[in-house]
Amino acid sequence: GDGCGHTVMYQDSGTLASKNYPGTYPNYTLCEKKIQVPPGKRLILKIGDLDIESQKCESSYLTIESSSTSHGPYCGNVMPVPKEIILDSNEATIHFESGSHVSGRGFLLSYASSDHPDLITCLERANHYTKAEFSRYCPAGCRDIAGDISGNIGEGYRDTSLLCKSAIHAGVVADELGGQISVTQHKGISRYEGVVANGVPSLDGSLSDKRFTFTSNGCNKSLSLEEGFLSKSQVTASSYWEEINEFGQLLLWSPDKVWLQVPGWSWASNHSSSREWLEIDLGEKKRITGIKTTGSGSMNFNFYVKTFTMNYKNNNSKWRTYKGILSNEEKIFQGNSNSGDIVRNNFIPPIVARYVRIIPQTWNQRIALKLELMGCRIMPANSSFTHSMWQKPSQSTETSLGKEDRTVTEPIPSEETNLGLKLTAIIVPILIVLCLFLFSGICICAALRKREAKGLSYGLSSTQKSGCWKQIKQPFTRHQSTEFTISYNNEKETPQKLDLVTSDMADYQQPLM
C-alpha cells in the first residue's frame with residue numbers, strides 16, 4: 001500500500017514523511033515521490049529523522065535518486081546518514097520501501113532550492129543554537145509535525161519549542177509557503193502562557209533558562225487601540241439578539257459590543273444560520289494582518305463561533321472572499337473551542353481594505369463573537385511592506401485572482417501621494433510650454449541676426465551687433481575671453497591665416513531649461 005505520510009510540497013520547498021510518522025510505519029509499503037524546485041536551481045535536502053528497522057537495507061530502506069546521482073540506500077544501522085544532501089539537478093525521486101518489521105518511525109525530510117542554503121527541518125528547536133540572534137529558512141509543511149511548543153508571540157516562546165512550528169503559530173510564516181525567520185534569544189521567564197493561533201495549539205510552559213522571539217515588521221498592533229478608532233469605525237450586523245433575562249430586563253447583544261476592549265457580553269445574532277454576518281467599516285483603508293476572536297463573554301452562556309470566513313471590499317467595489325494561498329478557494333479559519341479563550345488567526349498575505357465582513361460557518365448553540373483586528377495604517381513610503389513577512393505565491397496563483405483581489409496585496413497610495421501626482425500633472429505641462437516659448441524666441445532672434453550679418457566675418461565685435469540681441473538686458477558684467485578664428489580661402493582647403501582675436505562673451509543670458 002501507500003507508505004507516504006505527511007506531504008506538503010510548494011514550488012520552492014516542502015516536507016515529506018513516512019506514513020504514521022512519528023509512529024511505526026506499516027509493513028510492506030512503498031512510498032515514491034518526485035520533488036522539484038524551479039529550473040536553474042539546485043535541490044537541497046535535509047533529513048530530520050531516519051529510523052528504519054533493517055540491518056543491511058535489504059527489504060526496508062530509503063533512497064534519493066536524481067538524473068545524475070543516487071544517494072543511499074539508508075536504513076537503521078548502516079553508515080551515518082548525511083544531514084544535508086545537495087544535488088546537481090532541480091528534481092529528485094524519494095523512494096521508501098518497507099518489509100516486515102516490529103518498530104521504526106520511518107523518515108522525515110525537508111527540501112528547498114539553492115536560494116535557501118540555511119534550510120532547517122521541522123524538528124529543530126531553539127535550544128539547538130547558542131547565538132543570541134540567527135536567521136534560518138523554514139520549509140513548507142511544518143504545522144502538523146508532532147512536537148510541542150510553549151508560549152506566544154507577545155512574551156516569546158520557551159527555548160524547547162520547535163522553531164518552524166512556533167513561527168507558524170506567531171504568524172511569521174504560512175504553513176503552505178514556509179519562509180525566512182529571524183530569531184532573537186532572551187533570558188527565560190517563570191511561566192509561558194499557551195494560546196491557539198493559526199490552527200496550532202501552544203501549551204503552558206514552566207520556567208526555562210532561555211526564550212526566543214521573532215523579528216516582525218511591526219504591523220501587528222491592535223487597530224481598536226488606535227486613538228479615535230472606536231469613534232471612527234462602524235459595526236453593523238445581519239441581526240442581533242434581544243434577550244429578556246430572568247428579571248424581565250431587556251439585554252441587547254448588539255454589534256457595538258463586538259470589540260474585546262468593550263467589557264461585558266458580546267455581539268450575538270438573533271438567528272443562527274450561515275447567512276448571518278458582522279461588518280466593520282474601518283473609516284479608511286488599512287492593512288489588516290490578523291484577527292483575535294473569543295466567545296460570548298458571559299458566564300451564563302457558552303456561545304462561540306467554531307469556524308468562519310472573511311470577506312473584504314473597498315469603496316464602490318464588490319465583496320471579495322479571502323482565499324487560500326495555494327488552492328485559490330475560500331479559506332475557512334479555525335475559531336474558538338470554548339467561549340472564554342482568545343484565538344488568533346493571521347492573514348498571509350494581509351488584507352488591504354476599508355470594509356471587512358466576518359461570516360460564521362459553524363458555532364456552538366448560538367453565533368456570538370467578540371474580536372480584535374490587528375494591523376497598521378498604510379504608509380506610502382513603505383510600498384514593499386506587504387511582502388516582507390511572506391513568500392510571494394506562484395505566478396499561476398496570482399493570475400487567477402481578479403482585479404479586485406489584487407487589493408489584498410497591492411500597496412494603496414495615500415491622499416498625500418495623490419495630491420502630489422495632481423500638482424505634478426499641472427506644473428509640468430506649464431513648464432514645458434514656457435520652455436518651448438522661450439526657445440522659439442531665441443530661434444527667431446538667431447534667424448534675424450543671421451540675415452543682418454550675411455556676408456560678414458564670423459568674429460564681429462560687440463559694437464557691430466544689432467537687432468534683438470541689443471534689446472536683451474545684460475544680467476551681469478561679462479569678462480573678456482580669447483578664441484581662435486580660422487578664415488578659409490574658397491579655392492583651397494587649407495587654412496590661409498590664423499588670427500588670435502578677442503571678443504566679448506555672449507551678451508544674453510541662456511534660458512533655463
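Any value given below was found using the heavy atoms of this structure, including those in side chains, with hydrogens, waters and symmetry copies removed.
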**Student:** So, N152 side chain and V195 main chain: donor-acceptor pair closer than 3.5 Å or not?
**Tutor:** no
**Student:** Report yes or no: does W265 contribute a side-chain atom to a donor-acceptor pair with the main-chain N or O of L252 at less than 3.5 Å?
**Tutor:** yes
**Student:** I'd like to check V305 versus I367 (side-chain heavy atoms, cut-off strictly below 4.5 Å). Are they in contact?
**Tutor:** yes
**Student:** With no hydrogens and no angle check, do the side chains of S339 and N302 hold a donor and an acceptor under 3.5 Å apart?
**Tutor:** yes
**Student:** Report yes or no: do H186 and T213 form a side-chain donor-acceptor pair below 3.5 Å?
**Tutor:** yes
**Student:** Can you check whether L45 reaches I35 side chain to side chain, under 4.5 Å on heavy atoms?
**Tutor:** yes
**Student:** Are more than 12 heavy atoms, taken from residues, nucleotides or ligands other than Y240, located less than 6.0 Å from that residue's OH atom?
**Tutor:** no
**Student:** Just say parallel, tilted or perpendicular for the rings of Y25 and H101, cut-offs at 30° and 60°.
**Tutor:** parallel
**Student:** Report yes if the side chains of L373 and L282 come closer than 4.5 Å at any heavy-atom pair, otherwise no.
**Tutor:** yes
**Student:** Hey, mind stepping through S13 and H116 against side chain to side chain contact (heavy atoms under 4.5 Å, CB included) and telling me if it holds?
**Tutor:** CA-CA 9 Å; S13 67; H116 310 293; 5.8 Å; no
**Student:** Is it true that T293 and N336 share a donor-acceptor pair across their side chains at a distance under 3.5 Å?
**Tutor:** yes
**Student:** With a 3.5 Å distance limit and no angle check, can you tell me whether R211 reaches the backbone of K187 through a side-chain donor-acceptor pair?
**Tutor:** yes
**Student:** Would the number of heavy atoms belonging to other residues, nucleotides or ligands and lying under 6.0 Å from CZ of R42 be above 12?
**Tutor:** yes
**Student:** Spell out, as yes or no, whether a donor-acceptor pair under 3.5 Å connects the side chain of N198 to the backbone of I168.
**Tutor:** yes
**Student:** Test V356 against F347 for side chain to side chain contact (heavy atoms under 4.5 Å, CB included), laying out the working first.
**Tutor:** CA-CA 13 Å; V356 293; F347 304 131; over 6 Å; no
**Student:** Determine whether a donor-acceptor pair (N or O, by modelled atom type, separation under 3.5 Å) exists between the side chain of S208 and the backbone of K210.
**Tutor:** yes
**Student:** Would you tell me whether S298 and S296 have side-chain atoms, one donor and one acceptor, within less than 3.5 Å of each other?
**Tutor:** no
**Student:** If only atom types and distance count, is the side chain of S266 paired as donor or acceptor with the main-chain N or O of A368 below 3.5 Å?
**Tutor:** no
**Student:** Heavy-atom distance under 4.5 Å between the side chains of F96 and S98, does that happen here?
**Tutor:** yes
**Student:** Donor-acceptor check, side chain of Q185 to backbone of Y129, threshold 3.5 angstrom: yes or no?
**Tutor:** yes
**Student:** I'd like to know if the side chain of S161 pairs up with that of Y192 as donor and acceptor (distance under 3.5 Å, no hydrogens or angles considered).
**Tutor:** no
**Student:** Donor-acceptor pair, distance only, cut-off 3.5 Å: does the side chain of S18 make one with the backbone of C4?
**Tutor:** no
**Student:** Checking D115 now: which residues fulfil salt bridge (Lys or Arg N to Asp or Glu O under 4.0 Å) with it, not counting sequence neighbours?
**Tutor:** K41
**Student:** To the closest 0.5 Å, what do you measure between CZ (R377) and NZ (K221)?
**Tutor:** 13.5 Å
**Student:** Hey, does F212 have a side-chain heavy atom less than 4.5 Å from the side chain of L163?
**Tutor:** yes
**Student:** Can a donor-acceptor pair be found between the side chains of E133 and S182 at a distance below 3.5 Å?
**Tutor:** no
**Student:** Could you walk me through whether F308 and L369 pass side chain to side chain contact (heavy atoms under 4.5 Å, CB included), step by step?
**Tutor:** CA-CA 11 Å; F308 62 93; L369 190 66; over 6 Å; no
**Student:** Who passes salt bridge (Lys or Arg N to Asp or Glu O under 4.0 Å) against E279, sequence neighbours left out?
**Tutor:** R357
**Student:** Under the salt bridge (charged side-chain N to carboxylate O under 4.0 Å, His left out) criterion, do E284 and K286 qualify, and how do the steps go?
**Tutor:** CA-CA 6 Å; E284 62 181 353; K286 303 258 187 176; 3.6 Å; yes
**Student:** Is any side-chain heavy atom of M310 closer than 4.5 Å to a side-chain heavy atom of I358?
**Tutor:** yes
**Student:** Quick one: salt bridge (Lys or Arg N to Asp or Glu O under 4.0 Å) pairs with a partner in residues 147-169, sequence neighbours left out?
**Tutor:** none
**Student:** Can you tell me if L250 has over 12 outside heavy atoms packed within less than 6.0 Å of its CG?
**Tutor:** yes
**Student:** Answer yes or no: is the gap between the SG atoms of C122 and C142 smaller than 2.5 Å?
**Tutor:** yes
**Student:** Could you please spell out the steps behind the side chain to side chain contact (heavy atoms under 4.5 Å, CB included) verdict for E372 and I342?
**Tutor:** CA-CA 10 Å; E372 179 181 316; I342 296 176; over 6 Å; no
**Student:** Side-chain donor-acceptor pair under 3.5 Å between T289 and N220, yes or no?
**Tutor:** no
**Student:** For W319 and Y355, take the angle between the two ring planes, folded into 0 to 90°, and tell me which bin it lands in: parallel under 30, tilted 30 to 60, perpendicular over 60.
**Tutor:** perpendicular
**Student:** Calculate, to the nearest 0.5 Å, the distance between atoms CG and CD1 belonging to N345 and I332 respectively.
**Tutor:** 12.0 Å
**Student:** Is the shortest side-chain heavy-atom distance between R105 and Y21 below 4.5 Å?
**Tutor:** yes
**Student:** When you compare the side chain of P349 with that of I325, does any pair of heavy atoms fall below 4.5 Å?
**Tutor:** yes
